[in-house]
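Working notes, beginning with the structure itself.
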Amino acid sequence: MASTTTYKNVIVEKDSGLTWVTLNRPDKRNAMSPALDQEMLDVILSLEGDPETRVLILTGAGEAFCAGMDLKLYFRALENKPAERIRAEWVTHQWRWYRLWNFPKPTIAMVNGYCMGGAFTQLIACDFAFAAEDAKFGLSEVNWGILPGGLVSKALHVTLGYRDAMYYSLTGESFDGKKAEEIKLITKAVPASELRAVTTEFAKRFLKLNPETLRGTKQGLKAVRDMDIGQAHEYLMAKSNELRARDTENGYSQGIKQFIDDKTFKPGLGAYKRPE
Ligand code: COA
């Protein structure tokens, strides 16, 4: 059953396991104001443990995915308000990186238009990104006297090679969805008219898979990035045990039984049959 919750700056739509989160300031190209960031933090926190949310899809209303930080309300308005500025910085980084990067279910950025500056943080924090071929990306900071701060420069290293990260940071040159796919900033670029259907189809794949296994796989892959081999090995053994302990659906035993005993399933060819 589909349901929609409309906040002042965000829309949340839940539909059969997929939760669409839409930044909703289209007249400001979905630039991130402190009020929008506060709502997004509340939204993401509430979706983390929400059983109706199996996959989170982040997008923007109107012509833009997100035009970055709000120059008026996040930058200028807080210039002489250090306490409010500290709070706003904490909130924006919490939702865009710490909560979204660590979100315990698959996340997809659906880039429908402009994706500028600070928006790269949530773009990269998502596990996957699909974009319209004519979407416009740009690290515009260098054009007006700031650097790709917050966590943008750090996040770039997660997806881009060094030459591309340096090129686009230092030139501020904008590029389209096709280029974004070529430099591996996004998963795939598709014609704008197909973007929602392609994203939906992709997201639905995760509904067939065991949620705890998805969580453990995602967390494991991310955690070992910065570990040495020995630490990674130890961590992954412990994580595997944690997965077995948490998985009340018991995917491991179900899968083994369906393959070895029942001969109804081949793990190399698709997902095991989950209990109804
Ligand atoms: N902060 C605050 N307001 C913004 C904004 C931002 N980052 N991006 C767009 N807006 C506002 C504009 O000021 C304008 O408001 P107004 O109608 O009250 O004048 C409205 O959104 C529409 O923007 P406009 O520039 O007319 O739209 P456009 O479609 O012609 O251009 C962009 C879109 C994204 C290319 C352009 O708005 C832009 O360059 N924005 C800034 C991008 C940026 O540098 N972001 C990085 C910040 S970290």
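Atoms within a ligand are numbered from 1 in the order they appear, just like the ligands themselves. Count residues from 1 along the sequence.
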What about Phe130 and Phe202, are their ring centers closer than 6.0 Å? yes
For ligand 1 and Met116, I'd like to know whether there is a polar contact (N/O to N/O, distance under 3.5 Å). no
Between Asp70 and Lys28, does any side-chain N to carboxylate O distance fall below 4.0 Å? no
Note: ligand 1 atoms sitting under 4.0 Å from heavy atoms of Gly118 are 48 (S)
Atom 8 (N) of ligand 1: nearest protein contact (heavy atom, Å): Ala67 CB, 3.5 Å
When you measure from the centre of the six-membered ring of Trp20, is the NZ or CZ of Lys14 under 6.0 Å away and within 45° of the axis? no
Once you round to the nearest 0.5 Å, how far does CG of Asp164 lie from CD1 of Ile183? 5.0 Å
Ligand 1 atoms in contact with Ala31 (distance to a heavy atom under 4.0 Å): 1 (N), 5 (C), 6 (C), 7 (N)
Centroid separation under 6.0 Å, is that true for the rings of Phe75 and Trp144? yes
What is the nearest protein non-hydrogen atom to atom 9 (C) of ligand 1, stated with its residue, atom name and distance? Lys28 O, 3.8 Å
Would you say atom 44 (O) of ligand 1 makes contact with the protein, given that contact here means a non-hydrogen protein atom less than 4.0 Å away? yes
Specify whether the nearest protein heavy atom to atom 29 (O) of ligand 1 is under 4.0 angstrom away. yes
Those atoms of ligand 1 less than 4.0 Å from some heavy atom in Trp144: 44 (O)
Would Arg244 count as a cation-pi partner of Tyr252, with NZ or CZ less than 6.0 Å from the six-membered ring centre and within 45° of the ring normal? yes
Can you tell me if Asp27 contacts ligand 1 (heavy atom of the residue under 4.0 Å from the ligand)? yes
Shortest heavy-atom approach to atom 26 (O) of ligand 1 - which of Met69, Arg29, Arg25: Arg29
Are Glu182 and Lys178 ion-paired here, with the side-chain N under 4.0 Å from a carboxylate O? no
Atom 33 (C) of ligand 1 sits nearest the protein heavy atom Tyr114 CE1, 3.6 Å
In this structure, atom 1 (N) of ligand 1 is nearest to the protein heavy atom Leu71 N, 2.8 Å
Check whether any protein heavy atom sits under 4.0 Å from atom 21 (O) of ligand 1. yes
A side-chain contact here means heavy atoms from C-beta on lying under 4.5 Å apart; do Ser3 and Glu13 qualify? no
Cationic N near anionic O, under 4.0 Å, Glu249 to Arg246: no
Within 4.0 Å of atom 39 (O) of ligand 1 (strictly less), any protein heavy atom? no
Please check if the distance between the ring centroids of Phe128 and Phe206 is under 6.0 Å. yes
Short N or O distance, Glu141 and ligand 1, threshold 3.5 Å exclusive: no
Protein non-hydrogen atoms only, distance under 4.0 Å: does atom 47 (C) of ligand 1 have such a neighbour? yes
